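Note that the structure is a prediction, hence the values are computed from the model and not measured. Order of appearance sets the numbers: ligands from 1, and atoms from 1 within every ligand. Throughout, numbering of the chain's residues begins at 1 and tracks the sequence.
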Amino acid sequence: MAKVLVTGATGFIASHLILQLIERGYEVRGTARSTDKAARLNEILSDYAGKPVAIEIVAADLNKDEGWAEAVKGVDFVQHVASPFPTDAPKSADELIIPARDGALRVLRAAKAEGVKRVVMTSSMAAIGYGWGDKRPDTLTEVHWSNADNLKDNTAYARSKTIAEKAAWDYVNGEGAGLELSVINPVAVLGPAMSRDVSSSLQLVSQPLEGKLPAFPKLSFGIIDVRDVARAHIEAMERPEAVGERFICAGDVLWMDEMGEVLRQAFPDRKMPKGTLPNWLVRLFAQINPPLKQVLPELGKKRAYSNKKLKTVLGIDPIPADEAIIASAKSLIELDAV
Ligand code: NDP
């Protein structure tokens with residue numbers, strides 16, 4: 001049975017990935033930086049799967065060398081999912097850039113030293129579609145890269161993902177030659193949450209459900225279901241043609257008020273925002289609602305992505321956005337998280 005290491009096992013995407021890997025017959029080991037969270041993880045996975053799950057967990061922090069050699073010991077593949085994804089913008093961009101970049105390099109070096117066959121890394125649309133100013137292509141594809149040096153039309157998170165992904169490709173094209181790498185670049189990931197400790201992306205659903213804003217900012221998001229993202233990671237690990245490739249993992253693109261409409265129809269008893277806020281008011285709200293600050297560069301811009309490679313090379317036809325949105329909402333309500 002092939003063995004797979006999943007870094008950041010406590011996260012939203014990683015949890016689904018772990019269960020799908022087990023379902024496909026892989027033996028899974030995870031890393032977590034907090035041993036408290038690690039103890040809860042098997043409980044959360046078991047509850048969601050409806051059967052006992054007991055993966056081995058090794059302690060490792062992206063900011064430290066300790067633990068990574070032990071984590072990769074005897075594994076055939078590494079799924080490098082861990083990276084800081086905070087809700088609020090950090091005080092300094094380095095709080096995200098350093099663990100994202102240096103952590104990826106720690107994982108890749110450890111994998112190379114152990115003779116791991118392939119690493120699949122979770123990058124992001126943030127490494128493709130930011131820092132373009134007025135020159136952003138109408139449809140973004142895998143040939144495009146965010147400009148991490150443009151601080152104006154960017155966020156610390158997007159810069160961290162861009163710099164980390166570039167560092168990973170540089171590594172396998174240089175010092176780490178021979179180690180196979182494949183990269184997944186998801187847009188906003190929705191779908192069922194397993195625990196109340198939810199990923200930042202689920203705020204797209206939790207904030208409207210909590211009625212925190214009177215109406216929606218004029219923001220559009222590409223949406224992908226976490227179950228498709230997990231599957232994309234496995235297909236990228238198994239398929240020979242995925243080596244050396246990045247894959248945009250995106251489904252439908254919706255304006256936030258369209259997402260709200262999906263929620264309003266599915267949960268008519270909830271009081272939720274309706275309509276669109278003027279951009280100046282969103283900028284004002286962002287002063288008291290820090291998660292909003294991170295999306296200000298995108299106000300009023302419609303996004304468009306190509307998911308051709310996802311479909312043709314990885315064989316994934318994305319779950320429709322409304323299903324992903326409703327699955328998130330149902331899980332958050334069941335978990336009493338909203
Ligand atoms: P989560 O916040 O649920 O997961 C992030 C994971 O990274 C957690 O397990 C977290 O551990 C771990 N992590 C953060 N900092 C460190 C560190 N210093 N050392 C070790 N582990 C660390 O988010 P997601 O599951 O959504 O994100 C997973 C990956 O997917 C990230 O790389 C993110 O950038 C990427 N991504 C997510 C998208 C989304 O919309 N959700 C879209 C595109 C990409 P801990 O539990 O200890 O905090």
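- The closest approach between a heavy atom of Ala188 and any atom of ligand 1 is below 4.0 Å.
- By the 3.5 Å distance cut-off applied to N or O atoms, Val81 is counted among the residues near ligand 1.
- The protein non-hydrogen atom at the shortest distance from atom 25 (O) of ligand 1 is Ile13 N, 2.9 Å.
- If you run salt bridge (charged side-chain N to carboxylate O under 4.0 Å, His left out) between Glu180 and each of Lys112, Arg239, Arg118, only Arg118 comes through.
- For atom 36 (N) of ligand 1, the nearest non-hydrogen atom from the set Phe12, Phe85, Phe221, Tyr157 belongs to Tyr157.
- Residue contact annotation: Val187 has a non-hydrogen atom under 4.0 Å from ligand 1.
- Remark: minimum distance from atom 48 (O) of ligand 1 to any protein heavy atom is reached at Arg33 NH2, 2.9 Å.
- Using a 4.0 Å heavy-atom cutoff, Ser123 is listed among the residues neighbouring ligand 1.
- At under 3.5 Å, a nitrogen or oxygen of Gly8, whether backbone or side chain, sits near a nitrogen or oxygen of ligand 1.
- Nearest-heavy-atom check against atom 23 (O) of ligand 1 across Gly67, Ser83, Ser199, Ser124 picks out Ser199.
- Of the heavy atoms in Lys161, only side-chain atoms (C-beta onward) come closer than 4.0 Å to ligand 1.
- Residue contacts with ligand 1 do not include Ala32, since none of its heavy atoms lies under 4.0 Å from the ligand.
- The shortest contact between atom 4 (O) of ligand 1 and any protein heavy atom is with Gly11 CA, 3.5 Å.
- Contacts between Ser34 and ligand 1, counted as non-hydrogen atom pairs separated by less than 4.0 Å, are absent for every part of the residue.
- Residue Asp61 holds the heavy atom nearest to atom 17 (C) of ligand 1 of all those in Thr7, Thr122, Asp61.
- Scanning all protein heavy atoms for the shortest distance to atom 8 (C) of ligand 1 gives Thr10 OG1, 3.8 Å.
- Under a 4.0 Å N-O distance rule, the pair Glu23/Arg227 does not qualify as a salt bridge.
- A donor atom on one side chain and an acceptor atom on the other are not found under 3.5 Å apart for Thr122 and His80.
- From the protein, the heavy atom lying nearest to atom 38 (C) of ligand 1 is Val189 CG2, 3.7 Å.
- By heavy-atom distance, the residue among Ala9, Gly30, Cys249, Ala82 lying nearest atom 12 (C) of ligand 1 is Ala82.
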